[in-house]
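Single-structure report; data block below.
What you are looking at is a predicted structure, and each value in this text was computed from that prediction instead of being measured. All values below were derived from every heavy atom in this structure, side-chain atoms included, with hydrogens, water molecules and symmetry-related copies excluded. The chain is numbered in sequence order, starting from 1.
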Amino acid sequence: MSKAVHAARRLILGRALRSEYLGDQLLSKRLALPIFASDPLSSVAYATQEILLVLSLGGLAYLYLTPYLGAGVVVLLAVVVLSYRQVVFAYPSGGGSYEVANRNLGPSAGLTVAAALLVDYVMTVAVSVAAGVDNLISALPSLNPHRVALAVGFVILLTAMNLRGVRESGKTFAVPTYGFIAGVLVLIVTGLIRVLLGDAPVAESAAYSITPEHSGITGLALVFFALRAFSSGCTALTGVEAISNGVPAFRTPKSANAAKTLVAMGATAIVMFAGITALAIISKVRIAEHTCDLVGFTGNCQSDPQRTVIAQIAAAVFGGTTTVGFFYIQAATVLILILAANTAYNGFPLLASILARDRYLPRQLNTRGDRLAFSNGIVLLALAAGLLIVLFDASVTHLIQLYILGVFTSFTLSQAGMVRHWNRLLNAEPDRAERHRIRLRRTVNGIGCALTGLVLIIVTATKFTQGAYLVVIAMPILFVMMKAIRRHYDRVAAALVLDEDSFDLPSRVHAIVLVSQLHRPAARALAYARATRPSILEAVTVQSDDTARLQKEWDKQSMPVPLKVLASPYREVTRPIVNYVKNIRRDNPREVITIYIPEYVVGHWWEHLLHNQSALRLKGRLLYTPGVMVTSVPWLLDSAEHVMYPTARPAPGDIRRGTIPAKTPAPHILS
């Protein structure tokens, strides 16, 4: 890595942290709330809007259902929060829904939950960022043509912030999160006070009418229509499980602090969602999926965007779109929605690391980066979310259809697992009082399982044709992929188990030094091979125009190692050597063959194109030959020495011989 790249990396990510500083990255409740709860808190900015968008498909006739559907969402949110509070205490290791399902329902159920959560975390980033851009455009409509670029830019910014580490990202996100909570509470209180004083706020769209896409809906069709709107409003529950996944990130007592944070998040989200829904009904907000369905819309419905529900409420409560209150709410909403993706940036890497630990994902995902964050998981999440944003043009309306299916899959299986968990404890508990408490806990999780299972059926049925089928396809693919990765790791582990032959010495070692010309790198490789004292040692070259000159020089230097020339009628290099090695193996199957290849170590990227190409091809072929060991013997060129010692260079040959002068600075370790 060049100095410039190294410096830029440190500027963006900060200095590397030692492993023993991991404890310093643990979170207090004050910082944990904005990190893990920004998603469910921010969803109140668009959950009400999603209910209204579906109801508006029937015109104004069905908006009377809004308070009932909103109440249903509030009840469901309360039940899920109470259910996950029990998960936090029962499984504090941080696996959350995955660990609950895996331990109580089996590995297949655990992987189903894991696949659902991984998809949901990706969707959380895409939807949150797209919704934030929507609200930014509501305040600054001129930015509408740059919607996708803005969304991708925010994803890049969030990725860089999270790569700096959990604690630093928490400090960064704390102010916007608490600022949003304060702003929405002031908005709700101000609006309700105006209602009590007889001056109810009126939305700019209150006089609009809506052209219905579906009319005359009755009977079962009306029930299905209402359930579709309810399922859209359930986006308010997204991210509730993140705290149960992140318990290890809390300070001790971990479970107690995580549970308190979860309850605080649930109570705040319920108050904010209920308040915004009430103000939307009072101020008669009108919003439609297609702007041209709004009768009375001022402007070009083909290109001009509608203001979001929360933007219309803020304008109505604070007295217009030029007031300080309006711009504060919009700025706070944009920030919280963008930063809400941080819930996924903490949940996805943690879950991926646990899956990698259990050998269901590549082990690199369980490795912490320079800042003690799971960097590989963070980057993988950013790439997946960025791709979705580009494919769906950063449209919340389109992305939201893929949302929450994974959420309720994990909710349902998690609560079912908790019911089994309590059943197991109940069977082993002799104390009557404790058995009563266990039954109460089981009842809470049982109700949660029933409700979230019902919502899962509703979401699948109402959103399948709207785009949820993509999630239904993606989850089984992830499931099968993780199963395949586990099988691979299991096969590798089984193949590497020590047996009675593991420590047997080979009958002989046949060493081969590959040479193309007699120079210092070749001489060093020969000396190294001789030092290992093999049973047989020979130098091998492939016939070429320079072979006669090489043989003459070889004889002139009286080399102590015989030179064998391999015929190559078609001027190939790799195949004659590989065939020669295979013939030795066939004739002497118990013999180990060690191939020594001199290689240049270069200092510039472009020098790789000029050197070592034949060596790379040879190694690629020889490594697949059983019983063959390939050893690279490095030779540093001047360019490599200059990179290692930019200020005080050692004398020629010092590095190669290992005799670096005492005054020469130690080499820089460059990644």
Check: Rounded to the nearest 0.5 Å, how far does CG of L622 lie from CZ of R617?
Finding: 12.5 Å
Item checked: Counterpart residues, ring-ring contact (aromatic ring centres under 6.0 Å, His included), relative to Y84 (two or more places apart) -> F411
Next item on the list: Rounded to the nearest 0.5 Å, what's the gap from CG on L262 to CG on N257? Could you check?
Entry: 12.5 Å
Checklist line | Under 3.5 Å donor-acceptor, T48 side chain and V44 backbone | finding: no
Note to self: Whether the side chain of S43 engages the backbone of A236 through a donor-acceptor N/O pair (distance < 3.5 Å, no angle test) should be reported.
What the structure shows: yes
Checklist line | Sidechain-backbone polar pair: S128 side chain, V125 backbone, donor-acceptor under 3.5 Å | finding: no
Next item on the list: Check whether any side-chain N or O of T412 sits under 3.5 Å from a backbone N or O of T409 as a donor-acceptor pair, and report yes or no.
Entry: no
Check: What distance do S231 atom OG and L454 atom CG have between them, rounded to the nearest 0.5 Å?
Finding: 11.0 Å
Check: Quick one: does NZ or CZ of R363 land under 6.0 Å from the six-membered ring centre of Y489, within 45 degrees of the ring axis?
Finding: yes
Notebook entry, point to check: For D358, does its backbone N or O pair with a side-chain atom of R486 as donor and acceptor, under 3.5 Å?
Noted result: yes
Next item on the list: Answer yes or no: is there a side-chain heavy-atom contact under 4.5 Å between E429 and W422?
Entry: no
Check: Roughly how far apart are Y178 OH and L33 CG, rounded to 0.5 Å?
Finding: 4.5 Å
Notebook entry, point to check: Do NZ/NE/NH1/NH2 and the carboxylate oxygens of E434 and R441 come within less than 4.0 Å?
Noted result: yes
Item checked: Within 6.0 Å of CZ in R147, more than 12 heavy atoms from elsewhere -> yes
Item checked: Pairing of D490 and R359 as salt bridge, 4.0 angstrom limit -> yes
Notebook entry, point to check: E599 and S632: side-chain donor and acceptor closer than 3.5 Å?
Noted result: yes
Margin query: If only side-chain N and O atoms count, and only distance matters, is there a donor-acceptor pair under 3.5 Å linking Y98 with S414?
Written below: no
Check: Between S255 and V88, is there a donor-acceptor pair closer than 3.5 Å when you use the side chain of the first and the backbone of the second?
Finding: yes
Notebook entry, point to check: Would you say the side-chain atoms of S353 pair up with the backbone N or O of L350, donor to acceptor, closer than 3.5 Å?
Noted result: yes
Notebook entry, point to check: Should F479 and T112 count as side-chain neighbours, where that means a heavy-atom distance under 4.5 Å?
Noted result: yes
Notebook entry, point to check: Which residue, L118, L365, N366, forms the side-chain contact (heavy atoms from CB on, under 4.5 Å) with L355?
Noted result: L118
Next item on the list: Report yes or no: does Y46 contribute a side-chain atom to a donor-acceptor pair with the main-chain N or O of V127 at less than 3.5 Å?
Entry: no
Check: Can you check whether R420's main-chain N or O pairs, donor with acceptor, with N104's side chain at less than 3.5 Å?
Finding: no
Next item on the list: For the residue pair Q364 and N376, confirm or rule out a side-chain donor-acceptor distance under 3.5 Å.
Entry: no
Check: By salt bridge (Lys or Arg N to Asp or Glu O under 4.0 Å), which residues pair with K254, not counting sequence neighbours?
Finding: none
Margin query: Would you say N423 and R442 are linked by a side-chain donor-acceptor pair, where the criterion is simply a distance under 3.5 Å?
Written below: yes
Note to self: Any non-hydrogen side-chain atom of C234 less than 4.5 Å from a side-chain atom of F408?
What the structure shows: yes
